[in-house]
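Step one of this worksheet: look at the structure below.
Below, each value reflects all heavy atoms present in this structure, side chains not excepted, and no hydrogens, waters or symmetry copies. Counting starts at 1 for both ligands and their atoms, in listed order.
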Amino acid sequence: MAKTIYVLNGPNLNLLGTREPDIYGRQTLADVEKLCRDTAARFRLSAECRQTNREGELVDLIHEAGSKQAAGIIINAGAYSHTSIAIHDALVGVRIPTVEVHVSNVYARESFRHQSFIAKAAFATLCGFGIEGYGLAINGLAARIGAVAKA
Ligand code: DQA
C-alpha cells in the first residue's frame with residue numbers, strides 16, 4: 001500500500017484564489033490539493049489533504065498523522081505559524097518529517113510574519129514560490145524519506 005503524507009492547510013487558506021490575489025495569487029485550495037496529490041503520486045505516495053480554520057483541529061490532524069504513521073507532513077499553518085506553540089508541540093510530539101510551506105514570502109512582509117513556531121519543528125521551510133512551494137516541498141520530503149520518483 002502507498003505511504004501517505006499529510007498536507008495540512010490552516011486558517012484562511014480555504015480562501016486561496018479570492019483572498020488578496022496580489023499576495024497569494026489566483027489559484028485555489030483545490031488547485032493546491034490537486035498539485036499535491038499529483039506530485040505525491042510521482043513518488044508513489046498518497047496525499048491526505050485537509051484544511052481547517054481551527055487551531056485545535058490542526059493539532060488533532062497532526063495527531064491523526066501520527067497515529068496513522070504518516071510518512072511526512074507538509075503544513076501551511078497560516079497565521080498560526082506565527083503564534084501557535086500548540087501546533088509546534090504537536091509536530092515535535094509525533095516526530096514525523098515535516099516541511100513548512102508559505103505561499104507568500106513571509107520575510108518580505110510585516111515583521112510579525114518573520115517568526116515561525118512551525119519552522120522550529122520542521123526540517124525545512126519554503127516560502128515565496130506561490131502554490132508551487134507545495135510541489136517543491138513534496139519533492140524535498142520525498143528525497144528526505146527515500147521515496148524514489150517513478151521512471
Ligand atoms: C501564509 C502567510 C501567513 O503569514 C498568513 O497569515 C497566511 C498565509 C502564506 O501561505 O503565505 O494566512 O501562511
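Linking Ile, Leu, Val, Met, Phe, Trp and Tyr residues whenever their side-chain heavy atoms come within less than 4.5 Å places V59 and V94 in a single cluster.
For L13, no nitrogen or oxygen atom sits less than 3.5 Å from a nitrogen or oxygen atom of ligand 1, counting backbone and side chain alike. The shortest N or O to N or O distance between S104 and ligand 1 is below 3.5 Å. Note: no N/O pair closer than 3.5 Å links R109 and ligand 1 by distance alone.
Residue E110 places every heavy atom at 4.0 Å or more from ligand 1. By the 4.0 Å heavy-atom criterion, V106 is counted among the residues contacting ligand 1.
Q69 CD: 12 or fewer foreign heavy atoms inside a 6.0 Å radius. Within a 6.0 Å radius of CZ in R109, other residues, nucleotides and ligands contribute more than 12 heavy atoms.
For atom 5 (C) of ligand 1, the nearest non-hydrogen atom of the protein is R113 NH1, 3.3 Å. Ranking protein heavy atoms by distance to atom 1 (C) of ligand 1, first place goes to H102 ND1, 3.6 Å.
Between N139 and F43 the shortest side-chain heavy-atom distance falls below 4.5 Å. Under the 4.5 Å side-chain criterion, counting only non-hydrogen atoms from C-beta, V99 is in contact with F123. The shortest side-chain heavy-atom distance between E64 and R50 falls under the 4.5 Å cut-off.
In this pair, H88 and F117 present their aromatic rings perpendicular. The plane angle is above 60°, beyond the 30 to 60° band.
Per-residue contacts place R19 under 4.0 angstrom from the following atoms of ligand 1 (heavy atoms of the residue considered): 7 (C), 8 (C), 12 (O). Per-residue contacts place H82 under 4.0 angstrom from the following atoms of ligand 1 (heavy atoms of the residue considered): 3 (C), 4 (O).
Under 4.0 Å from ligand 1, not a single heavy atom of I23 appears. The proximity of V103 to ligand 1, defined as any non-hydrogen pair under 4.0 Å, involves the side chain as well as the backbone.
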List the steps, then state whether side chain to side chain donor-acceptor pair (under 3.5 Å) holds for N53 with Q51. CA-CA 7 Å; N53 293 319; Q51 188 273 333; 2.9 Å; yes
